[in-house]
Q: 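The structure is given below, and queries will be raised subsequently.
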Number of protein chains: 2
Amino acid sequence: MRYEIEAVADRLREVRDAKQLSQRELSRLAGVPQAQISRIESNSVDLRLSSLVAIASALDLEIALVPRKAVPAIKSITRQTTDRTVIQPPTIGKEMQQLQKAIRALQIDAPTLPELDDLRRAAASLQRLQIDTRFLDNLRSVRHTIESANITEQWNGIFEAANSMKALRIQIAHFKPENEQRSANRPAYSLDEDDDDA
Amino acid sequence: MRYEIEAVADRLREVRDAKQLSQRELSRLAGVPQAQISRIESNSVDLRLSSLVAIASALDLEIALVPRKAVPAIKSITRQTTDRTVIQPPTIGKEMQQLQKAIRALQIDAPTLPELDDLRRAAASLQRLQIDTRFLDNLRSVRHTIESANITEQWNGIFEAANSMKALRIQIAHFKPENEQRSANRPAYSLDEDDDDA
DNA sequence: TTTTTTGATGTGTTTTACGATATCAAACAT
DNA sequence: ATGTTTGATATCGTAAAACACATCAAAAAA
């Protein structure tokens with residue numbers, strides 16, 4: 001298969017990963033079976049345009065046919081437009097992922113809840129901060145609040161959760177700005193992928 | 001079918017038109033049957049990605065999956081990057097089309113001919129000028145020179161043709177710059193599409 | 001550890017794109 | 001007027017995508 005096709009497949013997975021969606025979640029959003037998404041991402045099918053559009057739309061992407069010589073400029077714009085996520089320590093990263101997932105679940109079960117937007121905003125603003133591992137339990141606690149509120153349908157729990165998150169944001173922001181770092185690619189903590197077995 | 005798919009189909013036709021390629025010519029370039037191209041452009045099939053890539057490549061386009069919010073910026077870049085063609089009076093426009101076609105034919109029959117690039121450049125530079133109808137015969141003559149050179153395989157005719165075009169360019173450029181007009185959308189002459197039957 | 005989630009892969013069936021080929025009317029060129 | 005080109009269609013056969021399932025091992029969460 002042509003490299004351009006592979007590039008499309010790679011890009012779809014890249015964006016899905018960036019949005020931290022599982023294939024099953026994307027499947028629901030796009031109306032395409034999970035098995036099919038897997039096959040598409042692993043580039044083992046010559047997918048139809050309708051499938052591509054469905055998945056791309058679900059990922060908030062549009063298909064653009066652009067002149068070859070405009071490609072570099074367009075890549076640049078795309079990069080600028082894409083929100084870069086702060087890279088968190090692994091445990092924090094995973095917990096944030098869970099948090100997002102809890103919020104998405106909430107969106108499905110109670111889409112009209114007025115606090116939902118508030119909650120999403122609070123979470124998004126957290127994402128942009130470098131979060132120390134010592135806040136892990138706070139994050140967990142917030143998530144549990146959301147989850148049980150969702151189960152028991154006691155929506156005032158959501159209100160609490162949003163407030164906790166805002167408070168937490170202030171705490172985190174005020175904590176140790178000595179540990180300076182930009183939104184860069186290189187994390188401040190040491191990645192655990194140091195295969196130093198010597 | 002979804003509007004995004006229609007948009008792709010429309011864009012393919014738009015670019016093909018802009019490049020003044022017939023479906024059959026594009027067919028040869030892309031390795032896709034003309035019938036299929038027709039079906040695709042009229043949006044009566046849900047084409048596969050491989051087909052899209054083949055056709056897009058032949059049109060010198062790439063497929064980009066871009067964030068929705070970047071779309072306006074990307075459209076703008078695409079527009080800037082796309083060469084705008086001067087709109088000629090109908091007769092001139094058609095003759096220039098024929099000329100391009102003759103050159104393309106030449107490219108197929110004698111791809112290694114050294115003057116070919118020269119010829120193409122000369123034609124391209126003509127395209128950017130506003131050409132008065134009085135030069136119609138000159139253009140025709142140049143084209144005939146090329147065509148018969150191609151048939152008789154007397155390639156020195158191509159050399160002549162290229163020189164004639166360069167001379168013609170100077171003539172045209174020096175002629176009546178009073179008839180001022182930018183590369184705009186609105187032509188200086190009156191379009192023949194005035195359905196005044198009264 | 002136990003349970004859940006995730007991505008990959010398999011199967012059988014239906015639908016559809018695709019290619020090859022041919023035809024045709026309308027536009028166009030000579 | 002005559003010949004050529006163009007885009008749209010039609011038919012037929014084949015290959016392949018899409019879908020609805022169903023697993024399953026590995027990773028992750030509890």
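Just so it is clear, the model here is predicted, and its values are computed rather than measured. Order of the sequence lines sets the chain letters (A, B, ...), proteins ahead of strands, with each chain counted from 1.
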Q: Do B:E41 and B:Q23 meet the criterion of a side-chain donor-acceptor pair at a distance under 3.5 Å?
A: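 A pair is found: one side chain offers a donor N or O, the other an acceptor, under 3.5 Å apart.
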Q: Choosing from C:dT6, C:dT30, D:dG7, which nucleotide comes nearest the side chain of A:S22?
A: C:dT6
Q: What is the distance, to the nearest angstrom, from the CG atom on B:L21 to the C1' atom on D:dT5?
A: 14 Å
Q: How long is the straight-line distance from OG of B:S27 back to CG of B:L21, given to the nearest 0.5 Å?
A: 11.0 Å
Q: Ignoring backbone atoms, test whether A:R24 places a side-chain nitrogen or oxygen under 4.0 Å from the OP1 or OP2 oxygen of C:dT4.
A: no
Q: Round to the nearest Å and state the distance from A:R39 atom CZ to C:dT11 atom P.
A: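 The distance from CZ of A:R39 to P of C:dT11 comes to 11 Å, rounded to the nearest Å.
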Q: Considering only side-chain heavy atoms of A:V45, which listed nucleotide, D:dA8, C:dG10, D:dA18, is closest?
A: D:dA18
Q: Tell me which of B:E25 and A:R140 sits closer to the 5' end of DNA chain D, going by the nucleotide each one is nearest to.
A: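 Nearest nucleotide further toward 5': that of B:E25.
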Q: Between A:D60 and B:K69, is there a side-chain N and carboxylate O pair less than 4.0 Å apart?
A: no
Q: Tell me the interatomic distance from A:N43, atom CG, to C:dT9, atom P, rounded to whole angstroms.
A: 12 Å
Q: Taking CD from A:Q36 and P from D:dA22, how many angstroms apart are they, rounded to a whole number?
A: 18 Å
Q: Closest to the A:R13 side chain: C:dG7, D:dA29, C:dG19?
A: C:dG7
Q: Expressed in angstrom and rounded to an integer, what is the separation of A:R48 atom CZ from D:dA15 atom P?
A: 16 Å
Q: I need the CZ-C1' distance between A:R28 and D:dC19, as an integer number of Å.
A: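 Value for this atom pair: 19 Å.
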Q: A:S51 side chain N/O closer than 4.0 Å to the phosphate oxygens (OP1, OP2) of D:dA18?
A: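 The answer is yes; a side-chain N or O of A:S51 sits under 4.0 Å from OP1 or OP2.
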Q: Between B:L49 and B:A35, who's closer to the 5' end of DNA chain C by nearest nucleotide?
A: B:L49
Q: Figure out the CD1/P separation between A:I37 and D:dA18, and round it to whole Å.
A: 12 Å
Q: Measure NZ/B:K101 against P/D:dT6 and give the value in whole Å, please.
A: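 Atom NZ in B:K101 sits about 4 Å away from atom P in D:dT6.
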Q: Look at the side chain of A:E95 and the base of D:dA29, then say whether one donor and one acceptor between them are separated by less than 3.5 Å.
A: no
Q: Consider the side chain of A:P33, meaning its heavy atoms from C-beta on, and name the nucleotide among D:dA20, D:dT6, D:dA29 that approaches it most closely.
A: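 The listed nucleotide nearest to A:P33's side chain is D:dA20.
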Q: Return no unless some side-chain N or O of A:Q34 is found under 4.0 Å from OP1 or OP2 of C:dT9.
A: no
Q: Identify whether the distance between the nearest side-chain nitrogen and carboxylate oxygen of A:R13 and A:D10 falls below 4.0 Å.
A: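 Salt bridge: no.
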Q: On DNA chain D, nearest-nucleotide positions of A:K94 versus A:I40: which is more 5'?
A: A:I40
Q: Quick check: does any side chain N or O of B:Q36 sit under 3.5 Å from a backbone N or O of B:S51, one acting as donor and the other as acceptor?
A: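 Checked: no pair found.
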Q: Indicate whether the side chain of A:R2 and that of B:S57 have a donor and an acceptor atom separated by less than 3.5 Å.
A: yes
Q: Could you please name the option among D:dA18, D:dA30, C:dT9 that lies closest to any side-chain atom of A:S38?
A: C:dT9
Q: Taking only the side-chain nitrogens and oxygens of B:Q98, find out if one of them lies under 4.0 Å from OP1 or OP2 of C:dT30.
A: yes
